[in-house]
Amino acid sequence: MKKINISTSNLEKCIELYREVFKQPPWNENWSYEAAKERLTDLLHTPKMLGFLFEEEGELVGLAAGNFKRTYGGRTFYLAELCVSVAKSGKGYGSTMLQLLEEEVMKRGGNKIDLHTSANGRAKKFYEKHEYDVKKDRITLTKYLSHF
């Protein structure tokens, strides 16, 4: 599998993939082109960002991106996005992408990866299969400041 740095030159591919993947269950999110572009452009310009598109035989497979932050325990990578093309889902590509990302994070001095995902569905099971733990001492809190 070919790993390509995410950049402004391939951002359109990322936007298309992102919109395709996240309209599927369990997310069921209907991202507009403009909203997806803003999210991914912001991610691209985040300090200490690391992100890749993955291709196999010239065909887009998925993307993974996030950024490093210093914590008391070392350098943590916060995985913001990992998505696999709907056509490639369930065929082991996500596992390969995650392994390649973990290797790259370690090469760059990262000692931990943190992420948020849906509590229901395949994503949580996918990460648990790859030895990611649900942190019992952490919770996600949300306060909606206005209605969508």
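These figures come from a predicted structure and were not determined experimentally.
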Engineer: Would you say the side-chain atoms of Glu29 and Trp27 include a donor-acceptor pair closer than 3.5 Å?
Structural biologist: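 No.
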Engineer: Mind checking ring-ring contact (aromatic ring centres under 6.0 Å, His included) for His116 and listing every partner two or more places apart, or none if nothing turns up?
Structural biologist: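 Not a single residue meets the ring-ring contact (aromatic ring centres under 6.0 Å, His included) criterion with His116.
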Engineer: Verify whether one side chain among Arg122 and Ser89 offers a donor that lies under 3.5 Å from an acceptor in the other.
Structural biologist: yes
Engineer: Which donor-acceptor pairs under 3.5 Å do the side chains of residues 49-62 make with protein atoms, sequence neighbours left out?
Structural biologist:
{"residue": "Glu55", "atom": "OE2", "partner": "Lys13", "partner atom": "NZ", "Å": "3.0"}
{"residue": "Glu59", "atom": "OE2", "partner": "Lys88", "partner atom": "NZ", "Å": "3.3"}

Engineer: Please name the pair of heavy atoms, one in Arg108 and one in Glu104, separated by the smallest distance, quoted to 0.1 Å.
Structural biologist: NE-OE2, 2.8 Å
Engineer: For Arg75 and Gly109, indicate whether the former's side chain and the latter's backbone hold a donor-acceptor pair under 3.5 Å.
Structural biologist: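 No; judged by distance alone, with no hydrogens or angles, the pair does not exist.
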Engineer: Any donor-acceptor pair under 3.5 Å linking the side chain of Glu81 with the backbone of Leu63?
Structural biologist: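 No; zero donor-acceptor contacts below 3.5 Å.
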Engineer: Check this for me, if you would: do Lys135 and Asp133 make a salt bridge, where the nitrogen-to-carboxylate-oxygen distance has to be below 4.0 angstrom?
Structural biologist: no
Engineer: Would one find more than 12 heavy atoms of other residues, nucleotides or ligands at under 6.0 Å from atom NZ of Lys3?
Structural biologist: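 For Lys3, atom NZ is crowded (more than 12 foreign heavy atoms under 6.0 Å).
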Engineer: Any side-chain to backbone donor/acceptor pair from Asn10 onto Asn5? Under 3.5 Å, distance only.
Structural biologist: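 Present.
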Engineer: Do we see a donor-acceptor contact under 3.5 Å between the side chains of Tyr33 and Glu12?
Structural biologist: yes
Engineer: Would you call Glu128 and Lys124 a salt bridge, taking side-chain N to carboxylate O under 4.0 Å as the test?
Structural biologist: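 Yes, charged N to carboxylate O under 4.0 Å.
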Engineer: Just do the side-chain contact (heavy atoms from CB on, under 4.5 Å) check on Leu82 and Tyr127 with the steps written out, would you?
Structural biologist: CA-CA 11 Å; Leu82 187 143; Tyr127 289 112; 3.5 Å; yes
